[in-house]
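Just so it is clear: chains get the letters A, B, ... in the order the sequence lines come, proteins before strands, and each one is counted from 1.
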There are 2 protein chains.
Amino acid sequence: MTETSAIAQGAARRTANGKSRTRIQLRNRERILQAALQVFSQYGFRGATLDQIAGESGLSKPNLLYYFPSKEAMHQDLLQALLTAWLDPLRALDASGDPLEEILAYVKRKLELARDYPRESRLFANEILQGAPRILPILETDLRALVDETAETIRGWCAAGRLAPVDPVHLIFSIWALTQHYADFQVQVTAVLGQDNPFEAAEAHLETLFRRLLTPG
Amino acid sequence: MTETSAIAQGAARRTANGKSRTRIQLRNRERILQAALQVFSQYGFRGATLDQIAGESGLSKPNLLYYFPSKEAMHQDLLQALLTAWLDPLRALDASGDPLEEILAYVKRKLELARDYPRESRLFANEILQGAPRILPILETDLRALVDETAETIRGWCAAGRLAPVDPVHLIFSIWALTQHYADFQVQVTAVLGQDNPFEAAEAHLETLFRRLLTPG
DNA sequence: CGTTCTTTTGACCGATTGGTCAAATTCAAT
DNA sequence: ATTGAATTTGACCAATCGGTCAAAAGAACG
């Protein structure tokens, strides 16, 4: 189990009300969140059990509940950490940069996220599949605002003839769909390809796809 | 609850060992499968409970188990019916037709499936997210063979210059990813769009996308 | 060393899980 | 109307669910 480079760090050095955390707390919260991520991302919230998470983390079940008040709290922590990491690359899209290269860079960054954090991607997919009961408000406000803003940028690029005309929001959906597919449907992809690392070919394919879609003229 | 036009018909008039089914059996098996589809597609296999399915179907829990030997059996029935319906459009791709129009027709058909049978799409997504424990063998044999075959057709089209050069398998992945996204992530799509029916715009967008990707020259 | 605080755990709780079964009810065909 | 089969259900089961608690074990510090 790799502990390096986790998106969801339970390792905030201070708790919500300011108390500092011990070395042991830091280590164990992280172990629990990693185990919870593993289990939640595979079975969804309802399908996951504390016993599975306990087994995966190597801690006893009551010990989990010493660090987290409930199963729900673990899931919340994971989702919250995920959402910021998930949306950041979209924020990084620079309106003053070269349109095509900006978008291709975003595609590449998103595909790298899918490659390096497939469990996080599947956790998110599970939440959406279940109707997003815990993050729907965020989707309708924060995410929607961010997408609207980005769409406006893209619309500007199209209007200026620097990008082939395209529906900006559906373009964003396409980027999400294509990149997340390689994480969420990894089992299917590798089953069909009969090989383990589709990401190199995927990157080349997606660059071709978006270049042809968006190159003006 | 619409009962018309279900992909997963539990309504085979004869059981596996040849016994014919009564009117009541036909009706109740169908009601159970529809309810099970609703629940499984939202919560996954593990997260779904017989009590939920019982409530959704309006039948008592022991009554469910009069028509199906187990929760597992309901899930199996749904997956099996789904798989054939899911793969058929790909089989319908005609090597002797016009390349671009054949592929665009497939994209359209697949998007219609996502629009008309989103629960089936989510059921499949859930199964894959969980590692495809019940259908991995089928993916590795039947699906892979079908994809290989189709890829060969597409490769031929590319080689003949009738289609812009493209990785055929990743093209197929792209079609799946883009069309299923509108079913599996419907909640997110409508939350961001703030409107309910994204499919009309999606169809136009996807036609543009694949036309630009695949038009030769 | 002893003391205090943190961490861990075994035993346990009521609720829910998938599933069983015998008895009751409804149906279809005479 | 009677009968025999098909259907439905209330009561029940062992296992598992998320979560509690008091007591034990481990760190930290003077």
Could you tell me the separation between the [atom1] atom of [X] and the [atom2] atom of [N], rounded to a whole number of Å?
{"X": "A/Tyr43", "N": "D/dC17", "atom1": "OH", "atom2": "C1'", "value": "16 Å"}
{"X": "A/Asn28", "N": "C/dT9", "atom1": "CG", "atom2": "P", "value": "10 Å"}
{"X": "A/Asp51", "N": "C/dC12", "atom1": "CG", "atom2": "P", "value": "17 Å"}
{"X": "B/Tyr66", "N": "C/dG19", "atom1": "OH", "atom2": "C1'", "value": "17 Å"}
{"X": "A/Leu26", "N": "C/dT7", "atom1": "CG", "atom2": "P", "value": "11 Å"}
{"X": "A/Leu59", "N": "C/dG10", "atom1": "CG", "atom2": "P", "value": "13 Å"}
{"X": "A/Gln76", "N": "D/dG18", "atom1": "CD", "atom2": "P", "value": "16 Å"}
{"X": "A/Ile53", "N": "D/dG19", "atom1": "CD1", "atom2": "C1'", "value": "13 Å"}

Taking only the side-chain nitrogens and oxygens of B/Gln25, find out if one of them lies under 4.0 Å from OP1 or OP2 of D/dA6.
->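 No, no such contact exists.
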
Nearest to the side chain of [X], heavy atoms from C-beta on, is which of [options]?
{"X": "B/Asn63", "options": "C/dA11, D/dT9, C/dG19", "value": "D/dT9"}
{"X": "B/Ile24", "options": "C/dA11, C/dC27, D/dG10", "value": "C/dC27"}
{"X": "A/Thr49", "options": "C/dG10, D/dG10, D/dC17", "value": "D/dC17"}
{"X": "A/Ser60", "options": "C/dT20, D/dT8, C/dT9", "value": "C/dT9"}

Hey, which sits more toward the 5' end of DNA chain C by its nearest nucleotide, A/Lys61 or A/Tyr67?
->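 Final value for this comparison: A/Tyr67.
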
For a quick check of understanding: with a heavy-atom distance under 4.0 Å over all strands, which category does [X] fall into, base, sugar-phosphate or nothing?
{"X": "B/Arg46", "value": "sugar-phosphate"}
{"X": "A/Leu65", "value": "base"}
{"X": "B/Ala48", "value": "sugar-phosphate"}

Test for a donor-acceptor pair under 3.5 Å between the base of C/dG19 and the side chain of B/Lys71, counting only N and O atoms.
->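 Checked by distance alone, the answer is no.
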
Going by an N to O cut-off under 4.0 Å, is there a salt bridge joining [X] and [Y]?
{"X": "A/Arg122", "Y": "A/Glu127", "result": "no"}
{"X": "A/Arg211", "Y": "A/Glu101", "result": "yes"}
{"X": "A/Glu112", "Y": "A/Arg109", "result": "no"}

Decide whether B/Glu30 and B/Gln34 meet the rule of one side-chain donor and one side-chain acceptor closer than 3.5 Å.
->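 Yes, because at least one side-chain N or O of B/Glu30 sits under 3.5 Å from a partner of the opposite role on B/Gln34.
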
Look at the aromatic rings of B/Phe185 and B/His181 and report parallel, tilted or perpendicular, splitting at 30° and 60°.
->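 If you compare the ring of B/Phe185 with that of B/His181, the planes turn out parallel.
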
